[in-house]
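Below: one structure, written as structure tokens.
This one's a predicted model, so the numbers in the text were calculated from it and none came from an experiment. The residues of the chain are indexed from 1 along the displayed sequence.
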Amino acid sequence: VADGSPSRMSTSIAPAEEGLTLATVLGAYGIKGWVRLWVNLEDPSALTHLSPLTLHKPSGHKPAGHQPSDVPAPAARPVIIEALQRQGKGYTARLSGVEDRTAAEALKGSDIRMPTAQFPQADDGDFYWRDLEGLQVWCEEGESRLLLGIVQRLLETGANDVLVVTPSEGSIDDRERLIPWLPDEVIKQVDLQERTIAVSWFIDV
């Protein structure tokens with residue numbers, strides 16, 4: 001979510017064809033089936049009550065052990081986050097149906113997703129990162145309006161987060177620009193319907 005406060009933009013949620021990626025399994029933790037998670041939510045504890053969630057194995061995943069070639073493993077299945085704990089810079093979790101370390105190890109690289117339509121609406125003045133990607137970025141200099149490019153991705157930083165703006169058809173040059181997410185100061189207006197972001201930013205050409 002990108003919020004309207006001048007201090008920061010909160011954690012991103014990556015879009016995917018099957019829904020929003022809320023977390024990624026980094027590997028197994030311990031011997032009782034727990035996994036290590038990288039969580040893409042401002043409030044990670046929300047994972048324990050958001051639903052419906054699905055677990056998506058990475059493309060090319062091959063389960064451990066023998067399996068007939070004519071019976072492919074399901075690419076996704078419903079999942080419940082039964083428990084979640086902070087562990088260093090990440091989290092550990094117990095997932096439904098994962099009872100031992102072998103099962104947990106087999107999930108490395110899997111995504112935990114939620115259908116886009118089921119995710120809560122952003123508050124007024126807040127934006128999900130997925131909604132900002134691809135928007136045109138316009139710089140208003142006096143009476144002129146210059147196209148800088150489109151939002152290619154967003155970066156989290158320690159102080160403030162950053163729009164990575166890449167050149168596009170009609171942009172003023174072929175330079176990539178890093179524009180801080182500073183509402184009011186730099187980010188003047190976001191129009192999701194017009195798919196534009198108006199910024200106040202120096203032009204060095």
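- You'll find the side chain of Leu192 reaches within 4.5 Å of the side chain of Leu135, heavy atoms only.
- Ser200 is linked by a side-chain contact (heavy atoms from CB on, under 4.5 Å) to Lys188, counting only residues two or more places apart in sequence or in another chain.
- The minimum heavy-atom distance between Lys108 and Pro58, with the atom names listed, is O-CG, 3.8 Å.
- A search for side-chain contact (heavy atoms from CB on, under 4.5 Å) contacts involving Arg86 returns Tyr91, not counting sequence neighbours.
- Here the closest non-hydrogen pair linking Ala93 and Ile81 is CB-CG2, 4.2 Å.
- The residue from Leu53, Leu37, Asn40 that alone fulfils the side-chain contact (heavy atoms from CB on, under 4.5 Å) condition with Leu22 is Leu53.
- Taking hydrophobic clusters as Ile, Leu, Val, Met, Phe, Trp and Tyr residues chained together by side-chain heavy-atom distances below 4.5 Å, Trp38 does not share a cluster with Leu50.
- Closest approach of Leu41 and Ala46 over heavy atoms only: CD1-CB, 4.4 Å.
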| message | The test is side-chain contact (heavy atoms from CB on, under 4.5 Å); show your working for Val165 and Val199 and say whether it passes. | response | CA-CA 12 Å; Val165 180; Val199 300; over 6 Å; no
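- Counting heavy atoms from C-beta outward, Ile112 and Leu95 have side chains that approach closer than 4.5 Å.
- For Trp138, the side-chain hydrogen bond (donor to acceptor under 3.5 Å, both in side chains) criterion is met by Gln136, not counting sequence neighbours.
- Grouping the Ile, Leu, Val, Met, Phe, Trp and Tyr side chains by contacts below 4.5 angstrom, directly or via other members, places Leu107 apart from Tyr29.
- Take Gln85 and apply the side-chain hydrogen bond (donor to acceptor under 3.5 Å, both in side chains) test, not counting sequence neighbours, and it matches no residue.
- Here the straight-line distance linking atom CZ of Arg195 with atom CD1 of Ile150 works out to 9.0 Å at 0.5 Å rounding.
- Considering only residues two or more places apart in sequence or on other chains, Glu185 meets the side-chain contact (heavy atoms from CB on, under 4.5 Å) condition with Leu182.
- Side-chain contact between Ile179 and Ile197: absent, with no pair of heavy atoms (C-beta onward) separated by less than 4.5 Å.
- The two residues Arg175 and Asp173 make their nearest non-hydrogen contact at N-OD1, 3.2 Å.
- Minimum heavy-atom separation, Glu169 to Leu147: O-CD2, 3.6 Å.
- Taking CD of Gln189 as the start and OG1 of Thr196 as the end, the distance is 6.5 Å to the nearest 0.5 Å.
- Put simply, the side chain of Val137 does not reach to within 4.5 Å of the side chain of Trp201, judged on heavy atoms.
- Atom CD1 in Ile31 sits 11.0 Å away from atom OG1 in Thr102 (nearest 0.5 Å).
- Atom CG of Leu148 and atom CZ of Arg177 lie 5.5 Å apart (nearest 0.5 Å).
- With sequence neighbours excluded, the residues forming a side-chain contact (heavy atoms from CB on, under 4.5 Å) with Ala104 are Ala28, Val35, Val98, listed by chain and number.
- Not counting sequence neighbours, Arg145 has no partner by the side-chain hydrogen bond (donor to acceptor under 3.5 Å, both in side chains) test.
- The side-chain hydrogen bond (donor to acceptor under 3.5 Å, both in side chains) search around Ser45 returns Asp43, not counting sequence neighbours.
- Sorted by first and then second residue, the pairs that involve residues 89-102 and meet salt bridge (charged side-chain N to carboxylate O under 4.0 Å, His left out), not counting sequence neighbours, are Glu82-Arg94, Arg101-Glu105.
- Taking both residues in full, the closest heavy atoms of Arg113 and Asp111 are given as NH2-OD2, 3.1 Å, listed atom of the first, atom of the second, then distance.
- For CG of Leu178, the number of neighbouring non-hydrogen atoms (other residues, nucleotides, ligands) closer than 6.0 Å is greater than 12.
- The backbone N or O of Ile80 sits less than 3.5 Å from a side-chain atom of Ser96, completing a donor-acceptor pair.
- Hydrophobic cluster membership is shared by Leu154 and Val190, with clusters built from Ile, Leu, Val, Met, Phe, Trp and Tyr side chains linked at under 4.5 angstrom.
- Side-chain contact check for Trp181 versus Val186: every heavy-atom pair is 4.5 Å or farther apart.
- By the rule that hydrophobic residues join a cluster once side-chain heavy atoms approach within less than 4.5 Å of another member, Leu55 and Trp34 end up as members of separate clusters.
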